[in-house]
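This is a predicted model, so every value here is computed, not measured.
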Amino acid sequence: MRLPRSIICLVLTVWCAEGSDVLELGDSDFDRSAAMHETLLVEFFAPWCGHCQQLAPEYEAAATKLKGTLPLAKVDCTVNSETCERFGVNGYPTLKIFRNGDEAGSYDGPRTADGIVSYMKKQAGPSSVSLLSEADLDSFVDSYEAKAQNKSYLTSFEENVVKYTESISYSSLRTFIRDNVFGLCPHLTSENKDILRGSDLLTAYYNVDYLRNLKGTNYWRNRIMKVATQFQDRGLSFAVADRQEFQDELEEEFGVGSSEGGDIPLVTIRTREGHKYSMQEEFTRDGKSLERFLEDYFAKRLKRYVKSEPVPESNDDPVKVVVADTFDEIVNDPEKDVLVEFYAPWCGHCKNLEPIYKELGEKLSGDPNIVIAKMDATANDVPPNYDVQGFPTIYFVPSGQKDQPQRYEGGREVSDFITFLKKEATNPLILDESRDEL
């Protein structure tokens, strides 16, 4: 019996992933296989990647739970570089959503099995509701109000319905929706965090649970909203978030341990530029401490929070160690050109580069005008104007132009770096004469 080609392809795809519910795709079959699924989540990974190894059991468990509903797939970028390059993969793991074979956007949801399942079920659902008449609109608004009342989202601090009063145009309607869709103080979740963080955002983290802790959730949210009404027209947005859901992020981004703070909200501000602030005073029930924190923020009296390793006691090696607290001193030294590598301790490519980079530092150790440096990007905050998505990422930062770092895209041999620096350095290079000339 002859099977249609599409069925043969499906059988082959499943066969490749035998023993696993995650489909394995590659250069030869990615387009064909992806096009067979209305919605598909794909992980682009590298076997040596530590984060990929941590994600693997959660991803597999999610695939099992979604089996028959929505498929999950993976692509090994070490053997399928063409596909990974085509979709702009430059760090691992990278997760993307595809619809009928076309890329629909990055996956920005949780990295746990249950989180992936919840997020992807929503992706597979309907994206809009058609309102074809005034009656449809009235019914939709009434339904929304009923749901909001049931969930107790509504408070005396904001209107439950916001009316659009301008003349209708695409740009004005889009702006109206953008400015009002989340309300005064929405619930920040893994699913909407990237949208909400598109603006400067104050977030209060505590036990937010509208099902099991409705009273406690609204108790603190109302106090935050009362203060927020005094500052809502100054360009800062507000949100509440469940601390447990974001605990790993709080520890990673703000150094806050799980035992700190107790039941009292922890408050942070994160700006669009990536600047971070943490409220040090304990949140008081009258909201006065939050008022003081916001007054200091708008008066620019707050010190930014920066995650940094300790400053090295000695830094005399040919490759200078940079931490977040010394980034301005070393990399932004206006008198020096700097080549800085952002690396991760677990990264195989970084380990391969290490002896080459060290040799480069040795060859230029006698040049007073240039610094060869490195920074562990997993243990230190990377400045916002440096785009570090994968490792190693290398930037050249010329003297006198510290606001214009240049990403290095050349080869990874000593001769490649020397050739690049001879061309880009502000001053002629001074190479160590005791070593062989390149």
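Considering all non-hydrogen atoms of both residues, Ser399 and Thr426 come closest at OG-OG1, 3.1 Å. Of all non-hydrogen atoms in Asp387 and Tyr395, the two that sit nearest each other are N-OH, 3.0 Å. The heavy-atom pair separating Trp346 from His51 by the smallest distance is CZ2-CD2, 3.3 Å. Between Pro186 and Leu196, the shortest heavy-atom distance links the atoms CG-CD2, 3.9 Å. Considering every non-hydrogen atom in both Pro384 and Gly274, the closest pair reads CG-CA, 4.3 Å. Scanning all heavy atoms of the two residues, the minimum distance from Gly235 to Asp200 falls at O-CB, 3.9 Å.
For Glu38, the CD atom sits in a loose shell: 12 or fewer heavy atoms of surrounding residues, nucleotides or ligands are nearer than 6.0 Å. Heavy atoms of other residues, nucleotides or ligands lying less than 6.0 angstrom from NZ of Lys96 number more than 12.
Every disulfide (SG to SG under 2.5 Å) that Cys77 has, sequence neighbours left out, goes to Cys84. For Phe342, the ring pair (Phe, Tyr, Trp, His ring centres under 6.0 Å) criterion is met by Tyr386, not counting sequence neighbours. Judged as a ring pair (Phe, Tyr, Trp, His ring centres under 6.0 Å), and not counting sequence neighbours, the contacts of Tyr107 are Tyr119.
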Between Thr203 and Thr268, is a side chain to side chain donor-acceptor pair (under 3.5 Å) present by the stated rule, with each step listed?
-> CA-CA 5 Å; Thr203 306; Thr268 70; 4.8 Å; no
Verdict with supporting geometry, Asp114 and Lys65, salt bridge (charged side-chain N to carboxylate O under 4.0 Å, His left out) = CA-CA 9 Å; Asp114 289 340; Lys65 292 181 179 181; 2.4 Å; yes
So Arg243 and Glu245, salt bridge (charged side-chain N to carboxylate O under 4.0 Å, His left out) or not? Walk me through it.
-> CA-CA 5 Å; Arg243 178 168 175 176; Glu245 181 178 0; over 6 Å; no
When you look at Phe44 and Tyr92, which way does the ring pair (Phe, Tyr, Trp, His ring centres under 6.0 Å) test go after all the steps?
-> CA-CA 7 Å; Phe44 297 90; Tyr92 309 115; 9.1 Å; no
Take Arg212 and Asp209 through the test salt bridge (charged side-chain N to carboxylate O under 4.0 Å, His left out) and record every step on the way to the result.
-> CA-CA 6 Å; Arg212 303 176 186 85; Asp209 189 334; 3.2 Å; yes
Mind running side chain to side chain donor-acceptor pair (under 3.5 Å) on Arg99 and Gln123 for me, showing each step along the way?
-> CA-CA 10 Å; Arg99 302 191 190 280; Gln123 293 296 314; 3.0 Å; yes
Any chance you could lay out the side chain to side chain donor-acceptor pair (under 3.5 Å) test for Glu60 and Ser20, step after step, and finish with the verdict?
-> CA-CA 7 Å; Glu60 181 67 44; Ser20 168; 2.6 Å; yes
Audit row: Asn352, Glu354, side chain to side chain donor-acceptor pair (under 3.5 Å) steps and yes/no = CA-CA 6 Å; Asn352 293 336; Glu354 185 174 4; over 6 Å; no
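A salt bridge does not link Lys276 with Glu249: every distance from a Lys NZ or Arg NE/NH1/NH2 to an Asp or Glu carboxylate oxygen is 4.0 Å or more. Under a 4.0 Å N-O distance rule, the pair Glu58/Arg111 does not qualify as a salt bridge. Using a 4.0 Å cut-off between a side-chain N of Lys or Arg and a carboxylate O of Asp or Glu, Glu252 and Lys307 qualify as a salt bridge.
With Asn192 contributing its side chain and His187 its backbone, the two residues share a donor-acceptor pair below 3.5 Å. A donor-acceptor contact shorter than 3.5 Å links the side chain of Asn80 to the backbone of Asp76. Lys374 places no side-chain N or O within 3.5 Å of a backbone atom of Val322 that could act as its donor or acceptor partner.
To the nearest 0.5 Å, atoms CD1 (Ile372) and CG (Leu360) are separated by 4.5 Å. Atoms OG and CG, from Ser237 and Leu188 in turn, are 11.0 Å apart once rounded to the nearest 0.5 Å. Taking CG of Leu290 as the reference point, atom OG1 of Thr284 lies at 8.0 Å (rounded to 0.5 Å). We find the CD-CZ distance between Gln280 and Arg292 to be 14.0 Å, quoted to the nearest 0.5 Å.
Here the side chains of Ile269 and Leu201 are not in contact, with every heavy-atom distance at 4.5 Å or above. Looking only at side-chain heavy atoms (C-beta outward), Ser308 and Asp381 stay at 4.5 Å or farther from each other. Considering only heavy atoms from C-beta on, Val240 stays 4.5 Å or farther from Trp220 through its side chain. At a threshold of 4.5 Å between non-hydrogen side-chain atoms, the residues Gln244 and Asn207 do not count as touching. When side chains are defined from C-beta on, Asn380 does not count as touching Phe327, because their heavy atoms never get closer than 4.5 Å.
Relative to the ring axis of Tyr219, Arg221 does not place its NZ or CZ within 45° and under 6.0 Å from the centre. Cation-pi contact between Arg234 and Phe298: present, with separation from the ring centre below 6.0 Å and deviation from the ring axis of at most 45°.
Classification of the Phe30-Phe87 ring pair by plane angle, with boundaries at 30° and 60°, yields tilted.
Side-chain N/O atoms of Asn222 and Asn218 include no donor and acceptor closer than 3.5 Å. No donor-acceptor contact under 3.5 angstrom links the side chains of Ser106 and Asp108, judged on distance only.
Between Phe391 and Tyr343, the ring center distance fails the sub-6.0 Å criterion. When ring centroids are compared, Phe417 and Tyr408 come within the 6.0 Å threshold.
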